[in-house]
Amino acid sequence: MATKQPALEDLEETSTMTVDPAVSKEQKFLETYFKYLGALDHDGAKLHFDKEKESVRSVSSGHTWSKLVSELSRLCTTERQYYQLEFLTEHRWFTRREDLKDSYTMLLCEIGRLVEIYGAQRGGTAPGWERKMASLCTSLGVYIKARRDLLEVYSDLQSQLQTHNSDVMTIEAKAVQILPKINVSSGGMLDPLKDNLVREIQILSCLLQGCVQLGNWQFLPSLFSLRSCKQKLKEWHGIPAEDKSWTKRAGRSGFSLGKSPQLPALYHWMYKFYNTLMSKFSFYFQQTLSEQCVASDMKTIMSKVDFDIVSKLSGIRRRSDLLFLGVLYDSRGAVPPYCGHGYYLPTNTAEGPVGVASYPAILAYPADYPRALWPVIVSFIQDQQLRLSSRDAPLLKFYDQCLNQSGSSRYFIMGKVELHLYLVAVFSGKKVEKDSSVTGVLNEVLAYLRLTELFSMLKAA
């Protein structure tokens, strides 16, 4: 990419400008301060700020610099709250904490005033410095506006992700649209902040794309998205060290934010998102993955995921009255069209199945389940579409007393996981209706696959 050459008048002004020691000290102060913020070391930024601001202020001129220093102090506090996900926590009636979006809006207004002030002072005693500060404040305003726009993306995730994949892609597109707006042209001082924002948006985009691709049961695209996401996380701030206080507890449900002193809560949330998608990937494509290794290796691999769904369901699988437990894929209107288990090139096309075959089982226990159940299961799904239209719909239960010629009864439990995916369990008899342990496990698995717990952390302030 070609480097833009400076204009002739810029070179002439630079060559004739006398370097002011005070200005040099101010610039060094700003560069170090933004490096701390870029490293997400907000404590270090505050320590540097408190240590240096008085000495820098004492040799600098006027009210304008003092005003800039004051706004930079507020920026550090606001950025800390952002990365600790404080904008996602509920406000209580007895708290007076300022809404973070309002904080960024106020910062944007004050930085805008500084742009006007520095712009009006360009004919002063240090026009090169004043122009640089005007450029810095302009770029800082662009960054703050982009950060505020990203706050709305997280708010949309919390409120809209419980419906359909199309909504997720709308949110992903909204996040990606922020990238072209980031135009930092401040001599590199704001590059650490810009790089963080760009990486955050790229990682979030990968996560949301992987979420949709898994919901559409796309093996290869989801694999690429997850690999890209892990690589971007490692490049940003590395993989968090294993900390059982936030990665995994008994029953997996005890994730806590911000337990690592090195990395902020937002980064841990993103890494938790990635781990959750990896668990879903291992569950949805278990048949394909198990064909690549022996059973003992597969068991070892599954034990390392965030939540081993297969093991969680093992208690149900061992029940003597279980007739079928699995995940069905509604291939009707699927894009790309359903081609079967495994991975396929985008150019591969296949004629989609019809009738009851349009609901293939992507996971089924036991392997020799009664095929006569299939028309009843498919009919149940189609009859209950209205009640299953929302991803937060509860488990549906259906009891058929005279399903076959022998007159034996069947008990069905079903929940919608994704736009095209259904979790189904079928038992013989009706006694399972009173077995709370079965519905408890199915509800836990259903909530995990829907990302309910993950996105319940995103409480709009």
Side-chain angles (χ1 to χ4, degrees), residues 22-23 25-38 40 42-84 86-87 91 95-124 126-152 154-155 178 181-194 196-197 461:
V23 170
K25 189 171 185 178
E26 289 168 343
Q27 181 166 335
K28 184 178 179 181
F29 165 78
L30 291 173
E31 289 174 348
T32 305
Y33 173 73
F34 287 124
K35 285 179 181 178
Y36 274 116
L37 288 185
L40 305 185
H42 301 103
D43 289 334
K46 188 176 186 305
L47 184 64
H48 167 74
F49 191 89
D50 293 340
K51 181 180 178 181
E52 300 291 338
K53 67 178 180 180
E54 293 300 331
S55 61
V56 174
R57 184 186 301 173
S58 64
V59 296
S60 62
S61 58
H63 170 75
T64 308
W65 172 257
S66 299
K67 178 64 175 173
L68 175 59
V69 167
S70 175
E71 296 309 318
L72 291 178
S73 177
R74 291 180 58 187
L75 176 65
C76 180
T77 301
T78 307
E79 286 284 281
R80 180 204 298 273
Q81 292 174 346
Y82 176 90
Y83 279 104
Q84 292 302 331
E86 292 187 19
F87 65 95
H91 286 209
T95 63
R96 302 182 63 182
R97 183 163 52 84
E98 191 177 63
D99 184 279
L100 202 58
K101 186 176 179 181
D102 293 340
S103 297
Y104 278 116
T105 300
M106 292 177 63
L107 269 170
L108 189 61
C109 292
E110 296 302 324
I111 293 297
R113 292 192 183 99
L114 284 171
V115 172
E116 296 175 358
I117 294 172
Y118 275 116
Q121 293 177 349
R122 288 188 180 183
W129 171 253
E130 289 155 0
R131 182 176 62 185
K132 182 178 289 187
M133 287 299 96
S135 175
L136 171 68
C137 291
T138 299
S139 299
L140 194 56
V142 172
Y143 170 81
I144 292 170
K145 188 177 186 306
R147 177 66 80 201
R148 189 181 62 178
D149 292 343
L150 199 51
L151 283 173
E152 296 182 0
Y154 286 109
S155 178
I178 298 174
K181 302 176 184 178
I182 306 170
N183 180 25
V184 179
S185 55
S186 55
M189 269 192 282
L190 285 184
D191 282 355
L193 294 184
K194 180 202 73 172
N196 271 340
L197 186 58

key: Derivation of the side chain to side chain contact (heavy atoms under 4.5 Å, CB included) call for Met133 and Glu26   = CA-CA 11 Å; Met133 287 299 96; Glu26 289 168 343; over 6 Å; no
remark   = Shortest non-hydrogen pair, Ile111 vs Gly141, comes out as CG2-N, 4.0 Å
task = First locate atom CZ of Phe34, then atom CG of Asp191, and finally report the distance between them rounded to the nearest 0.5 Å.
result = 11.0 Å
ask   = With a 4.5 Å heavy-atom cut-off, do Met106 and Arg74 have their side chains touching?
value = yes
ask   = Listed by chain and number, what are the side chain to side chain contact (heavy atoms under 4.5 Å, CB included) partners of Asp149, not counting sequence neighbours?
value = Lys145, Ile178, Lys181
inquiry  = I'd like to know whether Thr77 forms a side chain to side chain contact (heavy atoms under 4.5 Å, CB included) with Lys46, so could you lay out the CA-CA distance, the side-chain angles of the two residues, the decisive distance to 0.1 Å, and finally the verdict.
reply    = CA-CA 9 Å; Thr77 301; Lys46 188 176 186 305; over 6 Å; no
ask   = By side-chain hydrogen bond (donor to acceptor under 3.5 Å, both in side chains), which residues pair with Tyr104, not counting sequence neighbours?
value = Glu79
ask   = Are Val69 and Phe49 side-chain neighbours, meaning at least one heavy-atom pair lies under 4.5 Å?
value = yes
message = What's the separation between atom CG in Leu68 and atom CD1 in Ile117, rounded to the nearest 0.5 Å?
response = 10.0 Å
key: From Ile144 atom CD1 to Ser139 atom OG, the distance as rounded to the nearest 0.5 Å   = 11.0 Å
key: Arg148: partners by salt bridge (charged side-chain N to carboxylate O under 4.0 Å, His left out), with sequence neighbours left out   = none
task = Could you pull out the closest heavy-atom pair between Val142 and Ile182, with the gap in Å?
result = CG1-CA, 4.0 Å
request  = Output yes when a side-chain donor or acceptor of His42 lies under 3.5 Å from a complementary backbone atom of Gln81, and no otherwise.
outcome  = no
message = Let me confirm one number: the CG-CG distance from Asp102 to Leu108, rounded to the nearest 0.5 Å.
response = 12.5 Å
query = Would you say the side chain of Met189 lies within less than 4.5 Å of the side chain of Tyr33, judging by non-hydrogen atoms?
reply = no
request  = Output yes when Arg113 and Glu110 qualify as a salt bridge under the 4.0 Å nitrogen-oxygen rule, no when they do not.
outcome  = yes
task = Tell me, with the steps shown, if Tyr36 and Cys76 meet side chain to side chain contact (heavy atoms under 4.5 Å, CB included).
result = CA-CA 10 Å; Tyr36 274 116; Cys76 180; over 6 Å; no
ask   = Mind checking what makes side-chain hydrogen bond (donor to acceptor under 3.5 Å, both in side chains) contact with Thr32, not counting sequence neighbours?
value = none
ask   = Taking the side chain as C-beta and beyond, is there a heavy-atom pair between Tyr118 and Cys137 under 4.5 Å?
value = yes
key: Glu116 side, atom CD; Thr138 side, atom OG1 - distance, nearest 0.5 Å   = 10.0 Å
query = Do the side chains of Arg147 and Tyr143 get nearer than 4.5 Å, heavy atoms only?
reply = yes
query = Under 4.5 Å between any side-chain heavy atoms of Leu107 and Leu140, yes or no?
reply = no
Where Leu37 and Leu75 come nearest, the two heavy atoms and their spacing = CD1-CD2, 4.2 Å
